[in-house]
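The structure under discussion appears below in the form of structure tokens.
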Amino acid sequence: MLKVRDFVSSPENILGNADTKHGEIAEHVHVAIRRAKDLLNQRPPSASIDGVPRTGPVDYQDGGRIMQSKFYSKLSDALKAVKSHAERNEGFVSSGGRYHIPKDQYGELKQALESGSSSRSIDHIKGVVEKLEQTTGRPLDDLVEPSELTYDEVQPDRIHETIKDRESSLADRNKELKDQARKEHGPSLSGAATAAALGAAAGGGVSFAQTLWIKYRDGKNPFRGEFSHEDWKGIGLDTAKGAGVGAVSGASLYLATNYTDLAAPFAGALVSGLMGIGTLVALRESGEIDDDQFVDCSLMVASEAAIVGLSAAAGQTLVPIPMLGAFIGSIAGRIVASALRDGLGKAESELIKRLEAYQAEAVEKLDDALRAVMDELNAYFGQLSDLASLAFDETINTELRLAASVQMAAAIQVPDHQILRSKADLDGFMEE
């Protein structure tokens, strides 16, 4: 659709005068829509206009057939044009060629043929169809098909609106297909239950083995009858606790990866971090640790998720080692603050303030040189955001969007030979 949008944006390159340019527009837009629909439904594109002479008897290929498009303001004129073309190009007809006429006119044609009434216009259409079938030796249904477009939709003053409308319809259909796939194959309560069961088995098994090892390390061998009733009771409790934690972790990880946009590694780190923070909240409320210990320990617990999140966000951006603490501490602090706000314990505004102060203190410790680097990183990500907005903004002209796309590709270090710098580059890439 982007390719055909660029085509119609250069009317000086479209064949014909102001009154006839809609003919070639109809050809290109029809092919684009058919190709988009095929790709949307996971089929190889069946329509193509590339390599077809612009003024020959064939306009494009569609579904393995050669096609000629006839767009006239009246149905009778479109049918006459089909008949004239068929008479002048016998090879086109004998090779199975077919004709596309405007979708609204095709509906008018079928209505006239199926009508039992008689009128001058209906009788005229029936007469033209009869002559067409005699000329080609083929029935109308095997010769004429509806285009994807109506006559009015391909006019130069409406074509941009038409393309936008079709893109919107394609996006709606894409959402329907995604929703359908999600219902058939996506996450479900049974899937979460299965994940919880697997997590429980894993968590229980790990706890069981871990407790056995601790007992063995303390001098008791369970396989020699050295475990007392209390030992086995303790192992059972620890295993049950491990199974419970495993079940919650398994279900949480399943939901986090399937119902959010989090990548699995970050989701796993986030789940384990939040579970750990929940434990620390309980320890603090019971008085076993104070506020300072909670802040230090919670930041340590959340650091894994912070590191994974930083890796995902920064990509290949080089972050100086002295700055890692500030970045990781900042992200970890946000994770802990979010956990406190979202229900892992009571609302703790004082602790949240301490976390914010901790982040500010980490940044304060950076010298001027490192702060300059941080400013550069912020500017870098801001620049990427601005370039992305320009590159995908359809309200600005093609040249500016292309220039912004090239700048953005260079900014994220795309190899020079892989950057598409012109429409010719794009055409070559699409053909490949």
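Excluded from the calculations below are hydrogen atoms, water molecules and symmetry mates; all remaining heavy atoms, backbone and side chain alike, are included.
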Side-chain donor-acceptor contact under 3.5 Å, [X] with [Y]:
{"X": "Gln180", "Y": "Lys178", "answer": "no"}
{"X": "Asp59", "Y": "His100", "answer": "no"}
{"X": "Thr20", "Y": "Asn17", "answer": "yes"}

Inset, instruction - Could I get the full list of side-chain contact (heavy atoms from CB on, under 4.5 Å) partners for Ser121, not counting sequence neighbours? - result: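 Partners of Ser121 under the side-chain contact (heavy atoms from CB on, under 4.5 Å) test: Ser119.
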Supply the atom-to-atom distance [X] [atom1] to [Y] [atom2], rounded to the nearest 0.5 angstrom.
{"X": "Ser69", "Y": "His28", "atom1": "OG", "atom2": "NE2", "result": "10.5 Å"}
{"X": "Gln68", "Y": "Ile101", "atom1": "CD", "atom2": "CD1", "result": "13.0 Å"}
{"X": "Leu109", "Y": "Leu75", "atom1": "CG", "atom2": "CG", "result": "5.5 Å"}
{"X": "Thr135", "Y": "Glu90", "atom1": "OG1", "atom2": "CD", "result": "10.0 Å"}

Legend entry - Distance flag, aromatic centroids of Tyr99 and Phe92, threshold under 6.0 Å: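 Under 6.0 Å, so yes.
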Salt bridge or not for [X] and [Y], using N-O below 4.0 Å?
{"X": "Glu87", "Y": "Lys83", "answer": "yes"}
{"X": "Arg166", "Y": "Glu148", "answer": "no"}
{"X": "Arg35", "Y": "Asp62", "answer": "no"}
{"X": "Lys164", "Y": "Glu167", "answer": "no"}

Inset, instruction - Starting from the C-alpha separation in whole Å, work towards a yes-or-no answer on side-chain contact (heavy atoms from CB on, under 4.5 Å) for Glu161 and Glu153. - result: CA-CA 8 Å; Glu161 178 185 347; Glu153 286 180 324; over 6 Å; no
Backbone N/O of [Y] and side chain of [X]: donor-acceptor pair under 3.5 Å:
{"X": "Ser147", "Y": "Leu149", "answer": "yes"}
{"X": "Glu285", "Y": "Ala282", "answer": "no"}
{"X": "His160", "Y": "Asp157", "answer": "no"}
{"X": "Glu24", "Y": "Leu15", "answer": "yes"}
{"X": "Ser9", "Y": "Arg5", "answer": "yes"}

Inset, instruction - State, to 0.1 Å, how close Ile25 and Val154 come at their nearest heavy-atom pair, and which atoms those are. - result: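 Looks like CG2-O, 3.7 Å.
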